[in-house]
There are 2 protein chains.
Amino acid sequence: MTQLQRRKIPDAAIARLPIYLQILNNLAATNVLRFSSDELAALAGVNAAKVRKDLSYLGSYGTRGVGYEVTYLIHQIKRELGLMREWNVVVVGAGNLGCALAKFDGFLSRGFPVVGIVDNDPKKIGRTTSSLTVGDVGDLKNIVRDEKVNIGVITTSSPAAQSAADALIEAGITSILNFAPVVLSTPSSVSVRNVDLGVELQILSYYEQMRIENGSKAQSAPQLNSVGA
Amino acid sequence: MTQLQRRKIPDAAIARLPIYLQILNNLAATNVLRFSSDELAALAGVNAAKVRKDLSYLGSYGTRGVGYEVTYLIHQIKRELGLMREWNVVVVGAGNLGCALAKFDGFLSRGFPVVGIVDNDPKKIGRTTSSLTVGDVGDLKNIVRDEKVNIGVITTSSPAAQSAADALIEAGITSILNFAPVVLSTPSSVSVRNVDLGVELQILSYYEQMRIENGSKAQSAPQLNSVGA
DNA sequence: TCAACTTTGTGAATTAATGCACTAAGCCCT
DNA sequence: AGGGCTTAGTGCATTAATTCACAAAGTTGA
């Protein structure tokens, strides 16, 4: 294998590419053909040099004096992020949130079809929600194999989250989106992103309190979150 | 005002304090009295030196050779994050997600009671969801004043999100949690945290693709997210 | 054809975050 | 009372991320 190892893009830049992509999709929808780093920076609320540097990690796709082509850049960002294909998702935990996500069309529309939902509660297994029937968490391995699942979403209660993660990993999943407010213990070969609303509110609380204490001289919260592994 | 400006804690540390807090609450619930930086580091999945540095921003509350007291540290973290009081929340957008959040008890249990929910759709206004009646977005200013709202949560569609933000800001809100996949334009005096599931999935997609391309030698996704302002 | 203008791409400086490694401090046991 | 052990606190080196500022490259118009 003399194949070139993929150029390493900084994590911080990777986290911004989806935001650029979303903005460019909006531009494309309004028939904008080109954009400059200044324009995208204004729309994304970041520094223009940062935009140029981020885009430069994809390759040299701009034209000096002109800017970047919307559709071409969309293509390049999608290629880099691995969005030229679909990634199948299974939801573990068929509670309020899990069911809401299973029927949420934002997943499918962005290329992440939810192909299964499971639970460990016999009362929930067998129920149908938006064309999916809740399966048994014990069948996860079969579901992952048969449905070619790539990503697991955990929407269980906190106490059940770790065993849900264990089951997903046992089934061969290497990417997890975790909504339970716990720190999952996983091998380093597995990617975990945490979404914890309580954490977000508590961060806001800090900056809000600071504004109150220091008058309004205080800084605001940074707009990127961090989800610890 | 010769009052000392509050010690500046790095943003990265602020984003970790809620995670420590959650772990310490679990320890307290199992009657653990003390912990060392090593133990908390293992539970939080971070470096022990980082834990010590983060906690040192709160003050010098550990005892060398012994560790930290669970309940005392909980108190200190809550004080620093502004969690000694409740912060009232209003939800803008009474769709699936908005209603789910309004009845989500994780908000209340962490000190963020949802005191109101509004929409601009006459068909939704007047409906009742878990002890709350959906109000008119036009009444936001009154609701914010009467209910002493501190934080606004945006769960509208993407096109409506900016005007929801404008309405919240007009009503005097300075902290916003945004679920719509758009970059809000807000004055720098307002704190915005974005939660975008599509972005999270796309970040996972990148690292998943990298694992496929480079064998499993590839790195995993960082576990902290970033939500740009 | 060339000068003026625009905008990318990037080296280099700066700032922020991380993690090592050591010192300081307190406990415990003999 | 004192030596050995443990662990907090932190200065410093390293790494990562951001931002500046400018050269390179292309466009446009005269």
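Just so it is clear: chains get the letters A, B, ... in the order the sequence lines come, proteins before strands, and each one is counted from 1. Computed from a predicted model, the values in this text were never measured in an experiment.
- For R64(A) against dT8(C), a side-chain-to-base donor-acceptor contact under 3.5 Å is present.
- DNA chain D lies under 4.0 Å from at least one heavy atom of each of the following residues of residues 67-76 of chain B: G67(B), Y68(B).
- Every side-chain hydrogen bond (donor to acceptor under 3.5 Å, both in side chains) that K141(B) has, sequence neighbours left out, goes to E170(B).
- For I9(A) and dG9(C), the CD1 to C1' distance is 15 Å, given to the nearest whole Å.
- Per the geometry, CG belonging to L58(A) stands 10 Å off P belonging to dG9(C), to the nearest Å.
- A donor and an acceptor atom, one from each side chain of Q76(A) and Y72(A), are located under 3.5 Å apart.
- For residues 35-56 of chain A, every residue pair satisfying the ring-ring contact (aromatic ring centres under 6.0 Å, His included) rule, not counting sequence neighbours, is listed here: F35(A)-Y68(A).
- Remark: E208(B) pairs with R211(B) by the salt bridge (charged side-chain N to carboxylate O under 4.0 Å, His left out) rule, at least two apart or across chains.
- For S36(B), the listed nucleotide lying nearest its side chain is dA8(D); candidates were dA8(D), dT18(C), dC20(D).
- Distance F35(B) CZ to dT7(D) P: 13 Å, rounded to the nearest Å.
- Applying the 4.0 Å criterion to OP1 and OP2 of dA8(D), one finds that S37(B) has a side-chain N or O inside that range.
- Residue I77(B) holds its CD1 atom at 9.5 Å from CD1 of I23(B), rounded to the nearest 0.5 Å.
- In this entry the distance linking CG of L55(A) with P of dT18(D) reads 14 Å, nearest Å.
- Although no hydrogens or angles enter the test, the distance criterion places a donor-acceptor pair under 3.5 Å between the side chain of W87(A) and the main chain of G82(A).
- The residue among V46(A) and S60(B) whose nearest nucleotide of DNA chain D lies closer to the 5′ end is S60(B).
- Mapped onto DNA chain C by nearest heavy atom, D54(B) and V66(B) fall at different nucleotides, with D54(B) at the one closer to the 5' end.
- At the heavy-atom level, G62(B) lies under 4.0 Å from the strands shown only through sugar-phosphate atoms.
- One atom, CG of N47(A), and another, P of dA21(D), lie 11 Å apart when rounded to the nearest Å.
- The overall bend of the helix from dT1(C)-dA30(D) to dT30(C)-dA1(D), read as the angle between its terminal helix axes built from five base pairs each, is 10° when rounded to 10 degrees.
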- Could you give me the CA-CA distance, side-chain angles and deciding distance for N88(B) and N150(B), then say whether side chain to side chain donor-acceptor pair (under 3.5 Å) is met? CA-CA 5 Å; N88(B) 293 332; N150(B) 308 103; 4.7 Å; no
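- Taking CE from M210(A) and OG from S191(B), the interatomic distance works out to 8.5 Å, rounded to the nearest 0.5 Å.
- Inspection of the D11(A) and Y207(B) side chains reveals an N or O donor paired with an N or O acceptor under 3.5 Å.
- A donor N or O paired with an acceptor N or O is not found under 3.5 Å between the base of dG9(C) and the side-chain atoms of K53(A).
- In this structure, I14(B) atom CD1 and dA17(C) atom P are separated by 11 Å, rounded to whole Å.
- Across the interface with DNA chain D, nearest-nucleotide mapping of R52(A) and D11(A) shows D11(A) to be the residue nearer the 5′ end.
- The separation between Y61(A) atom OH and dG26(D) atom P is 16 Å, rounded to whole Å.
- Residue pairs meeting the side chain to side chain donor-acceptor pair (under 3.5 Å) criterion with at least one partner in residues 26-43 of chain B, sequence neighbours excluded, are S37(B)-R52(B).
- At whole-Å resolution of the value, CG in D38(B) and P in dC5(D) are 18 Å apart.
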